[in-house]
Protein chains: 2
Amino acid sequence: MVAIPTQKQRVTIRTVAEDAGVSVAAVSKVLRDAYGVSDALRGRVQASIAKLGYRPHAAARGMRGQTYTLGLLMPDLHNPFFADILEGVNTALQRSQYQPLLGVSDSAAGTELALIDAMADRQMDGIILIGSRLPINELERVASRIPIVVIAHHPIGEPDFDTVNNDDRLGATLVVQHLVAAGFKHVAYLSQELGAHNSDTMVTTQREIGYRAAMHEAGLSRNIQVVHAGQTSREAQNAARQMLEARHPPDAIFCWTDFIALEVLSVARDMGLDVPGDLAIVGYDNTWYCDLAQNALTSIDQSGQVLGLQAARLLIERIKGRTQAEHYVVTPRLVARRSTQPGS
Amino acid sequence: MVAIPTQKQRVTIRTVAEDAGVSVAAVSKVLRDAYGVSDALRGRVQASIAKLGYRPHAAARGMRGQTYTLGLLMPDLHNPFFADILEGVNTALQRSQYQPLLGVSDSAAGTELALIDAMADRQMDGIILIGSRLPINELERVASRIPIVVIAHHPIGEPDFDTVNNDDRLGATLVVQHLVAAGFKHVAYLSQELGAHNSDTMVTTQREIGYRAAMHEAGLSRNIQVVHAGQTSREAQNAARQMLEARHPPDAIFCWTDFIALEVLSVARDMGLDVPGDLAIVGYDNTWYCDLAQNALTSIDQSGQVLGLQAARLLIERIKGRTQAEHYVVTPRLVARRSTQPGS
DNA sequence: AAGCGCGCGTAGAACGGTTTACGTAGAACG
DNA sequence: CGTTCTACGTAAACCGTTCTACGCGCGCTT
């Protein structure tokens, strides 16, 4: 048997060590900038790494140490609000070794769990969950396995994981106050459809609480109307149509997210209603299309970028060892546009 | 030193083997449904797996074999067209072992390369690149390292990787024909900004070719106008405004993607133009918001779901060993709405 | 009956990092 | 000058899979 010519080998940590004339462990220390390497050694090693174009093998790292991968779990990709959050996360990870990878759960608790498992199986160092559909005990269970930060899930009863939120009650209050000041009296709230594990931890529930309180405060308790609808175009439009064709239709609809507000706007237009003359519409998240002239949608800005940035920061702290839970809250801000302002 | 009580150990392939009373390799074979296991043995092993709740350790798998992870590289998250593609990919992977994970490059070639590296480092089995900004030689280089399928990048000169596209020339032709039939004569094309590596492989260039040919065909060569603009709201709006404030403004604008068409629509509305009376607008991708009454945007449907589905199928074939490149093409379809139809 | 191929299963060597346990040299100290 | 630290490096074990090479027994051919 003739010897097979040595084909181009992978550059491993061993190759680097040899080239730099040091031990394998020394190179590893440099990579993880761990304690116990002199500047001289660090320099030699880094030179070799650059020269050889060495890249650490993530799977091998995952066997013992970290993978420097963070999971980002989103409910869906149609709502551009999540893009804002990602932007914030990217900003936070800019100069770090961490790489974010996304999973999309399609707003289904089952898929969400499967994705969490998949991410844990891949030894990700931590996960950011956005708008999770999981009940709190499931989240606790996950948190005991792998560091997580949960965005848009209110910490009720001192959970064992970090959370990042905007003040949803305040957001809803701002909406009601804004509408009432503009003369609208029958303000309805169009919320998300109820899931299996409905609870006060959900942002839509928090918004509902704020909405109810503010309506009460304004002396409009009798006009409180809450409708729950699914995420699809059809469901949202049907709900809107039903509300607007009722005997006493609302003169303003507060939608739990912009996405839905645009569907309501579409229905209103189809029905020949004037916005905001016959109907005012408000969204939530202040996503990019709110600003388009054909929408001109008043919305609540909860700054997705900040949420993402803080979530990433908290997650890395967790990974580095923090065990005490932290909860970050952003103050929302109302951005008024034509959909609630007759004059402009 | 007192012995530390044995804490709950991870369930490994060894645990399963022991429980089922077989060898480790036998379990591995069952997991990968490889050749050489009897039904009896397979049953025993699967029972143990279920009983113990065993989950294979992806990092360990990555050391030797596959990770059953596919990378999905998207340019950005604001354009909901990519959500459609993901839907298709998910459909294709439904009953497979493969798990898709997303990376977002922010439409920057540098970030894109970094993400590809990151995915390769993590031993992903293959990558689907959507709307890549990389020049063809870079793609070839990547393809030699890891199986890839490229969506929205036309195969020119027999590249060594698979591609999935719609017929962009035809799409543009359909647009021009539709507009001309409706009586519009000065049809402009609002395309993507030119990058460093501009070429015929780009979908926007293909659309431009189709547009020019169709205009020529219609005897409107003298009215050909092509404008390139960036992705941000401001850039798109500025470009639109400039076009519309010119001495001889177009009476129809064909935008390379819906996203941009909505910005143009916004500008038109701001300028008090009637759509489609003064200006017809057409987009591309037929994303969900085209159907909203306030937009009612005529668009080209290239079926993101099909693109995603086929890409995933091709990628898995590649991973399983195919070496001959394949190129899948979808026939686009025009969906007419009010933005080009005065009557409706 | 020896030989052969086939179907099923096994033992053990990789894979490429991280981490532990342990040298070793030089400085500081009494 | 011997001892004790401290700072830096090293060798080797280890992580959980996959994969290669091989063993065994059975039935079929010659």
Side-chain angles (χ1 to χ4, degrees), chain A residues 1 4 7-45 48-49 52-69 97 120-125 319, chain B residues 1 4 7-45 48-49 52-69 97 120-125 319-321:
Chain A
M1 175 91 66
I4 296 160
Q7 60 188 39
K8 201 175 154 198
Q9 288 291 317
R10 185 181 222 288
V11 177
T12 78
I13 199 171
R14 253 166 272 270
T15 326
V16 175
E18 222 164 286
D19 182 88
V22 298
S23 76
V24 169
V27 179
S28 173
K29 282 187 183 175
V30 171
L31 287 174
R32 295 172 289 122
D33 44 23
Y35 173 82
V37 273
S38 61
D39 285 352
L41 184 140
R42 175 185 308 279
R44 276 216 315 285
V45 170
S48 290
I49 288 176
L52 299 171
Y54 165 73
R55 298 190 59 89
H57 189 295
R61 287 185 138 177
M63 295 291 300
R64 301 223 76 185
Q66 302 186 37
T67 54
Y68 298 96
T69 311
Q97 297 196 65
D121 290 345
R122 284 162 184 76
Q123 303 299 112
M124 292 194 174
D125 298 337
I319 291 169
Chain B
M1 175 107 41
I4 296 158
Q7 58 188 38
K8 203 176 155 198
Q9 287 292 317
R10 184 181 222 289
V11 178
T12 78
I13 198 171
R14 242 168 284 271
T15 326
V16 175
E18 224 164 283
D19 183 89
V22 297
S23 77
V24 169
V27 178
S28 174
K29 282 187 183 175
V30 171
L31 288 173
R32 296 171 288 125
D33 44 23
Y35 172 84
V37 276
S38 62
D39 285 352
L41 185 140
R42 173 182 311 278
R44 274 218 313 286
V45 170
S48 290
I49 288 177
L52 300 171
Y54 164 74
R55 298 191 58 90
H57 191 295
R61 286 185 139 176
M63 293 290 300
R64 303 228 70 186
Q66 302 185 38
T67 54
Y68 299 96
T69 310
Q97 297 196 65
D121 290 344
R122 283 160 186 76
Q123 302 299 109
M124 292 195 174
D125 298 338
I319 292 168
K320 295 223 168 126

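Order of the sequence lines fixes the chain letters, A, B, ..., with proteins taken first and strands second; residue numbering starts at 1 for each chain.
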Practice prompt. Take atom NE2 of A:His57 and atom P of D:dG16, then tell me their distance rounded to the nearest Å.
Written response: 17 Å
Worksheet item: Is A:Val24 touching bases, backbone alone, or none of the nucleic acid, heavy atoms closer than 4.0 Å?
Response: base
Discussion item. Side chains of B:Arg122 and A:Arg122, heavy atoms from C-beta outward: is any pair under 4.5 Å?
Written reply: no
Practice prompt. Just name whichever nucleotide pairs with D:dC15, Watson-Crick or G-U, keeping both distances under 3.5 Å, else none.
Written response: C:dG16
Worksheet entry | Partner nucleotide of C:dC29 by Watson-Crick or wobble geometry (both distances under 3.5 Å) | D:dG2
Discussion item. Distance criterion of 3.5 Å, no angle test: do you see the side chain of B:Arg64 paired donor-to-acceptor with the base of D:dG16?
Written reply: no
Response to the item:
Taken to the nearest whole Å, CZ/B:Arg122 to P/C:dG17 is 13 Å
Item to complete: Figure out the CD1/P separation between A:Ile49 and C:dG17, and round it to whole Å.
Response: 10 Å
Worksheet item: Between atom NZ in A:Lys29 and atom C1' in D:dA7, what is the gap in whole Å?
Response: 9 Å
Fill in: Minimum heavy-atom distance between B:Tyr35 and B:Lys29, given as atom pair plus value
O-CD, 3.8 Å
Discussion item. What is the distance, to the nearest angstrom, from the OH atom on B:Tyr68 to the C1' atom on D:dT17?
Written reply: 11 Å
Worksheet, complete the sentence: Among the nucleotides D:dT18, D:dA11, C:dG7, whichever has the atom closest to the side chain of B:Arg61 is D:dT18
Discussion item. Using whole Å, what does the distance between atom P of nucleotide C:dA14 and atom CE of A:Met63 come to?
Written reply: 16 Å
Practice prompt. Tell me what A:Ser28 touches on the nucleic acid: a base, only sugar-phosphate, or nothing, going by heavy atoms under 4.0 Å.
Written response: base
Worksheet item: Between B:Arg44 and B:Ala20, is there a donor-acceptor pair closer than 3.5 Å when you use the side chain of the first and the backbone of the second?
Response: yes
Fill in: C:dG17 OP1/OP2 closer than 4.0 Å to side-chain N/O of A:Tyr54
yes
Fill in: Closest nucleotide among C:dG17, D:dT10, D:dC19 to the B:Ala25 side chain
D:dC19
Worksheet item: Which whole-number value in Å describes the distance from A:Leu31 CG to C:dT19 P?
Response: 12 Å
Worksheet item: Are any of the side-chain heavy atoms of A:Asp33 and A:Arg42 separated by less than 4.5 Å?
Response: yes
Worksheet entry | Among C:dT19, D:dT10, D:dT17, the one nearest A:Ala26 by side-chain distance | D:dT10
Worksheet item: Can you find a side chain N or O atom of A:Ser23 that sits less than 4.0 Å from OP1 or OP2 on D:dT10?
Response: yes
Worksheet item: Taking CZ from A:Arg10 and C1' from C:dA14, how many angstroms apart are they, rounded to a whole number?
Response: 15 Å
Worksheet item: B:Tyr54 and side-chain contact (heavy atoms from CB on, under 4.5 Å): which partner among B:Ile13, B:Thr15, B:Val45?
Response: B:Ile13
Discussion item. Less than 4.0 angstrom between a side-chain N/O of B:Arg32 and OP1 or OP2 of D:dC19, yes or no?
Written reply: yes
Worksheet item: For the side chain of A:Ser38, counting heavy atoms from C-beta on, which of D:dT17, D:dG9, C:dG12 is nearest?
Response: D:dG9
